[in-house]
Amino acid sequence: MPATMPATMPATGPKSVVITGGASGIGAAVAAKVTATGGHVAIIDINADAAAAKAKELGANATWAVANAADEVTLDRAHRELAGRMPPIDGLVPCAGSPEVPRPIEDMPVETWERIFDSHMKTTYVTCKVFGPAMAQRGHGAIVNISSVVGLRQGAHLAYGPAKMAIANLTQMLAVQWARKGLRVNAVAPGVVDTPFIRPPERGGTRDLSPILASTPIGRLLQPEEIAEVIYFLLSPAASAMTGSIVTCDGGFIAGTGWSLFGGVPQT
Ligand SMILES: NC(=O)c1ccc[n+]([C@@H]2O[C@H](COP(=O)([O-])OP(=O)(O)OC[C@H]3O[C@@H](n4cnc5c(N)ncnc54)[C@H](O)[C@@H]3O)[C@@H](O)[C@H]2O)c1
């Protein structure tokens, strides 16, 4: 691809998007947005039943495959399976991951730490490695990785926060590596989004959300569809100037962190 600005700005969004962890939450909202705008999606998830149900719900433009996104062998198999079922891929969203319940390091077995870290960092790395090179070879595409506000600011997680910080770093490395190949790589860093992720089974599926609401300037949880809009924009040619960006979509959370010195963000 020539190192020049596109002569005309294509008005359309991505045409063919792979989403790992696409059966639920933010990934499912991206899948719904892409199909609603006429694009094709492949939902890859470790939960086969949920992936099949989501693809069925989204209709003829959606397909699915089962894979552990941290495992190159199963993800490669899914890549080959999907090749004949959708147009050439021009968008990739590595959205898989498992939540972490904060605890002191004394109570965090290495195996648990590794499982959570890998479910974010390794899944993102393996997904970019399996699907990215073909897009770079075709000279066209966009990847949107998923970091988090807790990857950009210190938080209470031993594995999740470091993994999300590493994802931001990996995003910028790949953005530069593929910049002249026409493949853009950005990340979003969401605040707290209302998905099953924030109410994991270890918490009994419930959680006191009042500290989150109190420290989020807009005073509410974000909806997965709101994050999907930002991801869709970054996937689309309208974001042609953007690569290597870490885009916060957090209801003002990061902007409000310094307000803890002054009694917290305004509550009215
Ligand atoms: N919900 C939030 O508040 C929030 C905030 C910031 C970032 N994020 C990030 O957004 C991404 C999606 O989160 P969500 O809230 O939509 O969660 P979710 O729990 O609703 O969906 C996650 C999906 O990933 C799948 N998955 C988990 N591990 C997998 C693996 N190894 N291989 C394939 N699929 C796997 C699950 O089956 C599930 O369908 C995660 O990376 C999460 O860290 C979420």
Side-chain angles (χ1 to χ4, degrees), residues 18-33 42-55 57 64-79 93-101 114-128 130-131 144-153 155 157 159-168 170-171 187-203 205 207 209 212-213 215-216 220-228 230-231 246-251 253-254:
V18 168
I19 306 164
T20 53
S24 174
I26 297 169
V30 175
K33 173 75 186 180
I43 291 167
I44 299 179
D45 206 283
I46 203 161
N47 183 336
D49 290 346
K54 184 52 70 181
E57 178 192 319
W64 68 278
V66 62
N68 174 0
D71 174 16
E72 190 180 4
V73 174
T74 64
L75 203 58
D76 235 352
R77 190 184 309 137
H79 188 195
V93 187
C95 217
S98 302
E100 172 185 345
V101 177
E114 197 171 21
R115 179 179 60 74
I116 295 163
F117 190 85
D118 283 359
S119 85
H120 294 279
M121 180 54 196
K122 192 172 177 189
T123 57
T124 302
Y125 179 78
V126 174
T127 303
C128 290
V130 168
F131 290 94
V144 182
N145 291 325
I146 316 292
S147 182
S148 164
V149 290
V150 304
L152 307 183
R153 289 288 183 278
H157 301 95
Y160 183 63
K164 291 303 191 186
M165 180 176 265
I167 288 169
L170 174 74
T171 297
V188 291
V192 183
V193 188
D194 196 1
T195 72
F197 193 88
I198 64 167
R199 298 181 186 85
E202 294 97 312
R203 290 181 189 263
R207 182 171 174 186
L209 297 169
I212 292 167
L213 302 181
S215 52
T216 302
R220 63 172 176 81
L221 295 179
L222 304 166
Q223 293 304 310
E225 292 76 18
E226 295 177 286
I227 311 304
V230 181
I231 294 172
I246 315 299
V247 180
T248 53
C249 27
D250 64 354
F253 178 84
I254 285 193

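All of these numbers come straight from a predicted model, not from anything done at the bench. One-based numbering, in listed order, for ligands and for the atoms of each.
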Student: What atoms of ligand 1 come within less than 4.0 Å of a heavy atom belonging to Asn68?
Tutor: 30 (C), 31 (N), 32 (N)
Student: Can you tell me how the ring of Phe197 sits relative to the ring of Tyr160, calling it parallel under 30°, perpendicular over 60° and tilted otherwise?
Tutor: tilted
Student: State whether the shortest distance between N or O atoms of Ala69 and N or O atoms of ligand 1 falls below 3.5 angstrom.
Tutor: yes
Student: In terms of atom number and element, which parts of ligand 1 are under 4.0 angstrom from non-hydrogen atoms of Ile26?
Tutor: 10 (O), 16 (O), 44 (C)
Student: Any side-chain heavy-atom pair from Val192 and Ile198 closer than 4.5 angstrom?
Tutor: yes
Student: Please state which option from Gly21, Cys95, Gly97 has its nearest heavy atom closest to atom 28 (N) of ligand 1.
Tutor: Gly97
Student: I'd like to know if Ser119 contacts ligand 1, where contact means a heavy-atom distance under 4.0 Å to any ligand atom.
Tutor: no
Student: Could you tell me whether Gly27 and ligand 1 have an N or O pair separated by under 3.5 Å?
Tutor: no
Student: Within the 4.0 Å heavy-atom shell around Thr123, which atoms of ligand 1 are there?
Tutor: 31 (N)
Student: So do the side chains of Lys164 and Leu152 get within less than 4.5 Å of each other, counting heavy atoms only?
Tutor: no
Student: Could you check whether any side-chain heavy atom of Val144 comes within less than 4.5 Å of a side-chain heavy atom of Val247, counting everything from C-beta outward?
Tutor: no
Student: List every atom of ligand 1 that sits less than 4.0 Å from any heavy atom of Gly25, numbering the atoms from 1 in the order shown and giving each element.
Tutor: 16 (O), 20 (O)
Student: Within the 4.0 Å heavy-atom shell around Ser147, which atoms of ligand 1 are there?
Tutor: 7 (C)
Student: Would you mind checking which non-hydrogen protein atom is closest to atom 17 (O) of ligand 1, with the distance to 0.1 Å?
Tutor: Phe197 CB, 3.3 Å
Student: List ligand 1 atoms under 4.0 Å from Val192, heavy atoms only on the residue side.
Tutor: 3 (O)
Student: Which atoms of ligand 1 are found less than 4.0 Å from any heavy atom of Ala67?
Tutor: 32 (N), 33 (C)
Student: Using heavy atoms and a threshold below 4.0 Å, how should the contact between Ile146 and ligand 1 be classified: side chain, backbone, both, or neither?
Tutor: side chain
Student: Would you indicate whether the side-chain heavy atoms of Asn47 and Ser24 approach each other to under 4.5 Å?
Tutor: no
Student: Going by heavy-atom distance to atom 1 (N) of ligand 1, choose the closest among Ile46, Asp118, Val193.
Tutor: Val193
Student: If you have a sec, work out which protein heavy atom is nearest atom 29 (C) of ligand 1 and how many Å separate them, to one decimal?
Tutor: Ala96 CB, 3.6 Å
Student: Below 4.0 Å from ligand 1: does a non-hydrogen atom of Ala50 turn up there or not?
Tutor: no
Student: Using a 4.0 Å cutoff against the non-hydrogen atoms of Ile198, which atoms of ligand 1 qualify?
Tutor: 1 (N), 2 (C), 3 (O)
Student: Identify, for atom 43 (O) of ligand 1, the protein heavy atom at the shortest distance, and state residue, atom and that distance.
Tutor: Tyr160 OH, 2.8 Å
Student: So, 4.0 Å and heavy atoms of Gly191: is ligand 1 close enough to count as a contact?
Tutor: yes
Student: Return yes when atom OH of Tyr125 has more than 12 non-hydrogen atoms of other residues, nucleotides or ligands closer than 6.0 Å, and no otherwise.
Tutor: no
Student: Applying a heavy-atom cut-off of 4.0 Å, say which part of Thr195 lies close to ligand 1: side chain, backbone, both or neither.
Tutor: side chain
Student: Would you mind finding which of Ile43, Val30, Asn47, Asp45 brings a heavy atom closest to atom 37 (O) of ligand 1?
Tutor: Asp45
